[in-house]
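To start, the structure itself, in structure tokens.
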Amino acid sequence: MIVSKTLINWYSNNKRELPWRQTKDPYCIWLSEIILQQTQIKQGLPYYESFLREFPTVFHLANADESQVLKLWQGLGYYSRARNLHATAKYIVEKLNGEFPSSYKELLQLKGVGDYTASAIASICFNEPAAVVDGNVYRVLSRYFGIDTPINSTQGKKEFKLLAQQLIDIENPADFNQAIMEFGAVQCKPQNPNCSICPLQDSCVALQKSSINQLPVKTKPNKVSKKHFNFLVLISKDNKTILEKREGKGIWQNLYQFPLIETKTAVTEKNISKQLSTHELLKEVDFEVSLYNDNTIIHKLSHQHLHTKFWIIHVDNLNGDAIPIDNIHSYPVPILIGNFIDAFNF
DNA sequence: AATACGGGGAC
DNA sequence: GTCCCAGTATT
């Protein structure tokens, strides 16, 4: 693949001199990779130096106290990395005689080592053609191939990993992996990359389509939206009520609920009464309304908080769609409704 | 499939 | 403020 060669060539001419690039010792590579997870080189570099000074080998690290490791990690964040680092060092010393696993598959078993880190160590130290996919690789590939699959979706992770794996130079996986990452960090950077000096400018899809700034696509974590649900618990003198089936998409499809009035904001009894008098089910009907729950029930779904009020509405009669309250348990209902039914003394 | 997990750098 | 950074573990 010509792209792979171009990247490796660019790397040989442009790579920064970094201490972990002077060695293939798995301990050093492992340490550097853990430190650099979600961490910029500038921030991680001093920690790499101090860790190697304090713990020159995996045996030194394994013999330390966890608090000593955490102290040295102080300020770097994501402290589970430090705890896993220490635990893994002990594991390697005590169970593996101080010898690092040498394949992607085995490395993946280590605490704190995921797909990325296992690939990095396997390729750099053991020449295994396991493609790394980090934030840089997502950016380079999405732009070069013009792929807009969200990089934080399951689909995207699969797709980009496969693409990187197809692209990797099996003759030189170590340099290819580091090349594409370094290229992403230095040349194909997030903001305002200088594409006029890019060695891939002639074949970059995003550049042709002027979509460099649109890629990669990352779906925003949906903010939790707040909704106000008002359920109308209608009760007739002959002990009937009304349940409605939820149609269409969205939550609770095909489940049953009391007639619902969704409002933009929380409503008062006075406020809801006004709406009720014109409601389809209550037109020209005498009714008496009261609020069941004084405290708003906040039902939490993944991306919605449902601020819920149950309004008890007594009427003389209900039409033919009403069901006997005694049958209410035969209908599938959301937990929110089910909890109310169980708690309410019909 | 979401979410928690840190802190700093770049704009 | 917003986005991003050589991601992983847990729910």
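Labels below follow one simple rule: chain letters A, B, ... track the order of the sequence lines, proteins then strands, and each chain is numbered from 1.
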**Prompt:** Same cluster for A/Leu45 and A/Phe55 if Ile/Leu/Val/Met/Phe/Trp/Tyr side chains link at under 4.5 Å?
**Reply:** yes

**d(NZ, A/Lys157; C1', C/dG7) in whole Å** = 9 Å

**Prompt:** Rounded to the nearest Å, what distance is computed from the CD1 atom of residue A/Ile41 to the C1' atom of nucleotide C/dG7?
**Reply:** 15 Å

**Request:** Give a yes or no on whether A/Asn13 atom CG has more than 12 heavy-atom contacts from other residues, nucleotides or ligands under 6.0 Å away.
**Result:** yes

**Message:** Does atom CD (A/Glu99) have a neighbourhood of more than 12 heavy atoms from anything else shown, all under 6.0 Å?
**Reply:** no

**Prompt:** What distance, rounded to whole Å, do you find between the two P atoms, one in B/dC11 and one in C/dA6?
**Reply:** 14 Å

**Gap in Å between the two P atoms, one belonging to B/dG9 and one to C/dT8, rounded** = 23 Å

**Selection from C/dT8, B/dA1, C/dA6 that lies nearest to any side-chain heavy atom of A/Leu18** = C/dA6

**Request:** For A/Thr57 and A/Tyr27, test the side chains for any donor-to-acceptor distance below 3.5 angstrom and give the result as yes or no.
**Result:** no

**Request:** Name the nucleic acid region contacted by A/Val132, choosing base, sugar-phosphate or nothing; use a 4.0 angstrom heavy-atom cut-off, strictly under.
**Result:** nothing

**Message:** Any base atoms under 4.0 Å from A/Thr117, or only sugar-phosphate, or nothing? Heavy atoms, all strands.
**Reply:** sugar-phosphate

**Request:** Assign each of A/Val113 and A/Asp134 to its nearest nucleotide of DNA chain C by heavy atoms, then name whichever residue's nucleotide is nearer the 5' end.
**Result:** A/Asp134

**Message:** Can you work out whether A/Arg16 or A/Lys111 has the more 5'-proximal nearest nucleotide on DNA chain C?
**Reply:** A/Arg16

**Message:** For A/Glu182, is there an ion pair with A/Arg16 - N to carboxylate O distance below 4.0 angstrom?
**Reply:** yes

**Request:** Go through the steps to decide whether A/Phe231 and A/Tyr292 satisfy the test side-chain contact (heavy atoms from CB on, under 4.5 Å), and finish with yes or no.
**Result:** CA-CA 10 Å; A/Phe231 288 113; A/Tyr292 165 70; over 6 Å; no

**Prompt:** Does a nitrogen or oxygen in the side chain of A/Arg139 sit under 4.0 Å from OP1 or OP2 of C/dC5?
**Reply:** yes

**Sequence-aligned protein contact record of nucleotides 4-11 of chain B, with B where the base is within under 4.0 Å of a protein heavy atom and S where only the sugar-phosphate is** = -BBBBS--

